[in-house]
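Below is one structure, written out as structure tokens; the observations come after it.
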Protein chains: 2
Amino acid sequence: MPAISIGQLAKAAGVGVETVRFYERKGLLDAPPRKGSGYRQYDDDAVERLKFIRRAQLVGFTLKEIQDLLALRDDPDARRADVRERAAAKVADIDEKVRDLLAMRASLTTLLATCEGDGPASDCPIITAFRDEGRNEPTERSCEHGAGED
Amino acid sequence: MPAISIGQLAKAAGVGVETVRFYERKGLLDAPPRKGSGYRQYDDDAVERLKFIRRAQLVGFTLKEIQDLLALRDDPDARRADVRERAAAKVADIDEKVRDLLAMRASLTTLLATCEGDGPASDCPIITAFRDEGRNEPTERSCEHGAGED
DNA sequence: CTTGACTCCGTACCGAGGTACAGGGTGTAG
DNA sequence: CTACACCCTGTACCTCGGTACGGAGTCAAG
């Protein structure tokens with residue numbers, strides 16, 4: 001039984017102790033059991049939850065939206081149509097974000113590829129690419145984005 | 001020559017007039033030419049730029065980062081290694097965001113698929129999926145996310 | 001039993017990203 | 001020439017997502 005302190009939790013997830021308490025106040029993390037002294041006691045699930053929150057933030061979800069996302073996961077009534085609908089909406093959100101990111105990525109890689117030699121950037125096709133993003137077709141090829149590049 | 005007012009620009013990009021001026025102060029949009037009266041005069045490029053800013057924000061870039069992104073595009077010296085390096089860094093950022101999004105997406109679609117019938121969500125494989133995200137392998141299959149779903 | 005790191009709670013403060021006046025000028029339709 | 005919508009500058013204010021105290025209790029090592 002791995003009961004960890006707030007400091008250990010914070011460290012494990014790469015955030016500050018104050019931030020953990022802040023998330024608790026905001027309802028993103030629920031109040032953990034306490035020791036007799038009043039010290040919070042977390043388990044490893046809390047670490048995962050906290051990491052999830054950070055990742056979701058990175059890609060532009062607000063704390064409110066992240067609460068929704070977590071609620072979807074935690075809701076024991078998740079089978080209901082209402083919840084599925086919200087999940088579907090989040091998927092659509094995510095798709096839009098992915099599409100925007102891939103369009104930006106395509107522009108940047110074009111810049112990288114085309115301007116590898118010399119000459120001014122203004123000659124790059126990227127200018128046009130940026131101007132009109134491929135917002136309507138994720139381009140399939142975009143899947144090239146996969147790991148193995150960083 | 002399509003010279004539009006700040007109000008028309010704002011409307012075209014779906015933001016408020018105040019926001020446009022705010023971006024100008026922040027250096028995201030450069031100060032446009034003025035009419036004799038002092039009225040700002042924009043062209044269609046400004047609309048694209050403004051839309052780009054909004055999309056970049058949606059996926060979690062800060063205004064500071066967006067400035068960088070735009071500078072990469074606009075820099076007449078973009079051929080230099082330094083700039084390419086920053087572009088590469090942004091691509092890496094984007095890849096991380098995409099990876100996180102696809103992991104979340106996979107979790108949510110699993111929820112949707114598995115819980116389509118009835119039974120409590122706690123039975124769903126999603127629980128485990130969320131718990132341990134496929135952060136290390138973009139899963140290839142994730143490319144299923146492509147258009148044609150929203 | 002003292003010391004130092006850690007925890008508690010509460011409140012104050014902070015930067016980012018806007019949003020909303022106030023107090024004025026512009027432009028055009030009637 | 002009056003109305004009314006729009007624009008100007010400037011400053012004040014707001015929410016979000018934290019971060020930083022202050023003052024006090026806890027706990028493990030020495």
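Lettering of chains follows the sequences in order, A, B, ..., and the numbering in each one begins at 1. Every value quoted in this text rests on a predicted model; they were computed, and no experiment measured them.
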When rounded to the nearest 0.5 Å, the distance separating CD1 of A:Ile6 from CD of A:Gln8 is 11.0 Å
Hey, mind stepping through B:Lys97 and A:Lys97 against side-chain contact (heavy atoms from CB on, under 4.5 Å) and telling me if it holds? CA-CA 9 Å; B:Lys97 285 176 193 290; A:Lys97 283 176 193 291; over 6 Å; no
Here's a test of your reading of the structure: between A:Lys35 and A:Tyr23, which maps to the more 5' nucleotide of DNA chain D? A:Tyr23
Within residues 56-68 of chain A: residues closer than 4.0 Å to DNA chain D (heavy atoms): A:Gln57, A:Thr62, A:Leu63
Using a heavy-atom cut-off of 4.0 Å to chain A, what are the terminal contacting nucleotides of DNA chain D, in 5' to 3' order? D:dG17 to D:dC27
Does one hydrophobic cluster hold both A:Leu28 and A:Phe22, with members joined at side-chain heavy-atom distances below 4.5 Å? yes
Distance (rounded to the nearest 0.5 Å) between B:Leu101 CG and B:Glu96 CD: 11.0 Å
Under the side-chain contact (heavy atoms from CB on, under 4.5 Å) criterion, do A:Tyr42 and A:Leu50 qualify, and how do the steps go? CA-CA 11 Å; A:Tyr42 296 94; A:Leu50 198 39; over 6 Å; no
Atom pair NZ (A:Lys90) and CD (A:Glu65), whose distance is rounded to the nearest 0.5 Å: 4.0 Å
Spell out, yes or no, whether A:Leu72 and A:Leu63 are grouped together once hydrophobic residues are joined by side-chain heavy atoms under 4.5 Å, including indirect joins. yes
Under the side-chain contact (heavy atoms from CB on, under 4.5 Å) rule, what do A:Thr19 and A:Arg54 come out as? Steps first, then yes or no, please. CA-CA 11 Å; A:Thr19 302; A:Arg54 303 306 286 189; 3.9 Å; yes
Hey, what do you get for CZ (A:Phe61) to CG (B:Leu58), rounding to the nearest 0.5 Å? 10.0 Å
If a protein heavy atom is under 4.0 Å from the base, mark B; if only from the sugar-phosphate, S; if neither, -; do that for nucleotides 1-10 of chain C going 5' to 3'. -----BSSS-
Calculate the interatomic distance between B:Ile53 atom CD1 and C:dG17 atom C1'; express it in whole Å. 13 Å
Would you say CD of A:Glu85 has more than 12 non-hydrogen atoms from neighbouring residues, nucleotides or ligands within 6.0 angstrom? no
